[in-house]
Amino acid sequence: MMKTLLSIIMCALMLIAALASCAPAKSDSQSSSGDETAKYTAYLEEHLESTPERKPASLVIETAENSETYGVDMTAFSDDGYLTRAEYGEVVILGKTGAGLDRAVRDYVKNGNPDDYFTVYGEGYRVKKLTVAGNDISEYAVIRDDNADECNTFASSELVSYIEKTCGAVLPEYTASEYAAASDKPQRTITLTVDYPALGDEAFRIEIGADGNIIIAGGRFRGCMYGVYDLLEDIGWRFVGDSVGIVWGNKDSSIEYLYEADHIDLTAALNRTESPAIAFRQIYDADTLTQNINNLGVKNKINSIWASTSKYGSYGLTGVACHGLQGHHSEIFTDDVYEGMDISGKQPCFTDEAVLECIDAYTVRYVETRLAAGQQIGREIVTVDLSQWDSGEREFCTCKNCLKVFKEEGCTMGAVLRMGNRAAQLLTDNNYGGVNISLLAYSGTNKPPKKTEPLDNVRISYCIYVGSGHIACSNHPVSGVDCDPESGYSNTVYAEELNGWAAICHNKNLDVWYYPMNAYSYAFPSPYFDSLYEDLIYFSEIGVNGIMMLCNREDGAHLDSLAVWLGSMLAWDSSVTKDEYYAAIEEWFNIVYGGAGENMYEYMRMCEYAANMTGCWCAFHSSNTDKVDNEFMAEKFDYMYSL
């Protein structure tokens, strides 16, 4: 049974008696023997050093496992919940877990005093009453389609789980047939149903009717799931991070937050239909490759992290173009063609008929093998990666035929695209509509050809990093508007090339490899959030259809969880204003850092400002001293450290 705040206050009144019997001598402090509580004792004592009048005469810091010693049962607290009681110099801080202790000691440092202070956080259900058009949520059942796949079944169970976490109501789940046959059942319903092709793969529609029933209609793959998470956000849930080890000391910790409310009423004012601005939204994060899809990914409308994970509906996606001919060379080329081929450097000849025939055969075989295994076109079978070797522009074949094509097209990509179009036409001829050829525009193939355009079933994946004799600038928008064209690190060339690809892809089948990070900067957070906003809006405006956003906290860029959250928000909805964008950043800091959020947000913005004072630099190639204005950092060092 949910414990009320009154019961906690009553228990808290017992703390003084408990302290009287077990408190140490004055000026002493104690905690349980674990490192978890000891480090927070040390933290509190250190941060009160400058205000000795606020230091406790006696201090107890404990987690839930020992809280009943002090008359408090913390079962009904959230993991980051806590209770602090201070009176007559004696202070007791009880946290449900280490996360709770973290919030508690920081709250005490900021707001507490040893003589008269009492605060409770995270006790009981955070929403006291939840209704739909005035009807209590406990009167509802959740219904899903009879043929619901694993993704929509998961969405149904998630809705039930989070409503229980919200207010304690446990809603029964039914399939449509089960609900029709049931005799003793709730009369009010929340129905999850697929509406395809009207809502495509991922769009969703939320309808709260005059009768108080809710319909969440979705596209055939992930639409219902996104609709469920959006409805939960309407209730007050936020899913702000998949891994923020700097807060909890656990890189696998998920941060989910629910705003407190006495009463939430869901009404028809929330009705809407949404679809993504960028269809394919993928994340690659080497540090949390297996965690993202369960935590941050699906809840923030990221539809893939590199590998397909069908458990959560990560199908129907374009495959990432990543040197497919090189990675699968042993499956593609016959022995007589393969002999002498240098897979570590020189590209194959893209005008050699024997090479092209091997690629043709592999393309058809790729689809046929998967069809024979029971996979479906448009679901598991979407793209064939025929992108070139990972090498430089000078490694392309210079035979007579290749040079002729290069001259006609004005670039080496001309021969590669002709190869891709040939394979794509073969798919069409074999009635394999819905399967695309994926080619990489990167390091030698950046430039769009002058004559040949991609066929409708050819996807171009443009990588903004290195190529055409340039290295990308990490400090300015990829549109190149703020870059120095003469700089070795400039986006002007990349923007010209990307715009050229957008023109011949005709607002379809253009993907972007995107690196929004300040790699290797251990000394300060990655200052790239001003550009992140401009970049995602730019991609949407020029017709980019897919984004592969690379983040990697192994390089010390601890704010990549924020970048992923913001990137997924903008990739879904490109109408977000700058004010809304920065409000979202502030919200993230306030949720992740609690009472310290305001300070941490200011610190991050100062790092961003220090970077904006500099010129063009590259995350991977420039030194840390080139990435910020050092005079500014030196001048503001003491203040930033105090934050």
Side-chain angles (χ1 to χ4, degrees), residues 280 304 306-308 315-391 395-397 399 401-402 405 412-445 449 452-461 463 509 511 513 546 548:
F280 303 116
S304 174
W306 198 269
S308 176
Y315 34 65
L317 303 177
T318 177
V320 174
C322 190
H323 310 296
L325 293 181
Q326 181 177 10
H328 299 280
H329 66 275
S330 60
E331 304 170 47
I332 299 172
F333 300 104
T334 58
D335 290 342
D336 58 325
V337 173
Y338 176 74
E339 285 182 14
M341 192 176 289
D342 179 8
I343 66 165
S344 64
K346 192 173 179 61
Q347 303 282 352
C349 175
F350 289 107
T351 61
D352 186 303
E353 185 62 25
V355 169
L356 296 175
E357 287 177 358
C358 286
I359 294 172
D360 290 345
Y362 168 75
T363 300
V364 175
R365 188 168 65 250
Y366 179 95
V367 178
E368 290 179 343
T369 301
R370 283 155 180 77
L371 287 172
Q375 296 183 6
Q376 303 170 54
I377 291 177
R379 182 180 164 102
E380 296 91 355
I381 313 171
V382 184
T383 51
V384 184
D385 182 4
L386 298 183
S387 52
Q388 82 276 12
W389 262 236
D390 187 6
S391 63
E395 301 302 326
F396 282 83
C397 177
C399 73
N401 289 335
C402 283
V405 174
T412 53
M413 182 58 166
V416 179
L417 180 55
R418 291 186 186 187
M419 173 274 295
N421 279 353
R422 169 172 161 154
Q425 186 61 53
L426 192 60
L427 291 175
T428 301
D429 295 342
N430 282 273
N431 296 315
Y432 292 147
V435 182
N436 298 311
I437 297 299
S438 192
L439 301 177
L440 189 60
Y442 165 72
S443 189
T445 57
T452 304
E453 295 187 357
L455 296 181
D456 287 347
N457 57 338
V458 173
R459 299 195 68 90
I460 301 298
S461 294
C463 183
N509 293 356
D511 306 324
W513 280 84
M548 283 76 75

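Because the structure is a prediction, the values reported are computed rather than measured.
The shortest non-hydrogen separation linking P348 to W389 is CD-CE3, 3.3 Å. When every heavy atom of V337 is checked against every heavy atom of A354, the shortest pair comes out as CG2-CB, 3.9 Å. Nearest heavy atom pair, residue G433 against residue I377, reads O-CG2, 3.3 Å. Taking every heavy atom of both residues into account, F350 and C402 meet most closely at N-SG, 4.1 Å. Across all non-hydrogen atoms, the minimal contact from A321 to S387 is C-OG, 4.0 Å.
Put simply, the side chain of E380 gets close to the backbone of Q376: a donor and an acceptor are under 3.5 Å apart. A donor-acceptor pair under 3.5 Å is absent between the side-chain atoms of S461 and the main chain of L440, judged by distance alone. Counting only distance, with no hydrogens or angles, the side chain of W513 and the backbone of C322 share no donor-acceptor pair below 3.5 Å. No donor-acceptor distance shorter than 3.5 angstrom exists from the side chain of T369 to the backbone of Y366, with no hydrogens or angles considered. In terms of modelled atom types and a separation under 3.5 Å, the side chain of Q326 and the main chain of D390 share a donor-acceptor contact. N509 contributes a side-chain N or O that, together with a main-chain N or O of D456, makes up a donor-acceptor pair within less than 3.5 Å. Counting only distance, with no hydrogens or angles, the side chain of E395 and the backbone of Q347 share no donor-acceptor pair below 3.5 Å.
Separation of atoms CD (E368) and CD1 (I381) is listed at 10.5 Å; rounding is to 0.5 Å. To the nearest 0.5 Å, the span separating CD on E453 from CG on L417 amounts to 9.0 Å. In this structure, CG in D352 is found 8.0 Å from SG in C397, a value given to the nearest 0.5 Å. In this structure, CG on N457 lies 11.5 Å from OG on S438, to the nearest 0.5 angstrom. Annotation: the span from H323 atom NE2 to S391 atom OG amounts to 8.5 Å, rounded to 0.5 Å. Taken to the nearest 0.5 Å, the CZ atom of F280 stands 5.5 Å off from the OG1 atom of T318.
With contacts defined as side-chain heavy-atom distances shorter than 4.5 Å, the pair Y362/L325 does not qualify. For the pair V355/I359, a side-chain contact is recorded, criterion being any heavy-atom separation below 4.5 Å from C-beta on. Using a 4.5 Å heavy-atom threshold, the side chains of L439 and L386 count as touching.
Residue pairs meeting the salt bridge (Lys or Arg N to Asp or Glu O under 4.0 Å) criterion with at least one partner in residues 416-425, sequence neighbours excluded, are E353-R422, D360-R422, E408-R418, E409-R418.
The one candidate from V435, V458, L455 that meets the side-chain contact (heavy atoms from CB on, under 4.5 Å) condition with L427 is V435. For the pairing with Y432, the side-chain contact (heavy atoms from CB on, under 4.5 Å) check across V384, L371, L426 returns one residue only, L371. Here the options are D385, T383, D511, the test is side-chain hydrogen bond (donor to acceptor under 3.5 Å, both in side chains), and the partner is R459; only D511 passes.
Judged by distance alone, the side chains of Q425 and N421 never bring a donor and an acceptor atom under 3.5 Å apart.
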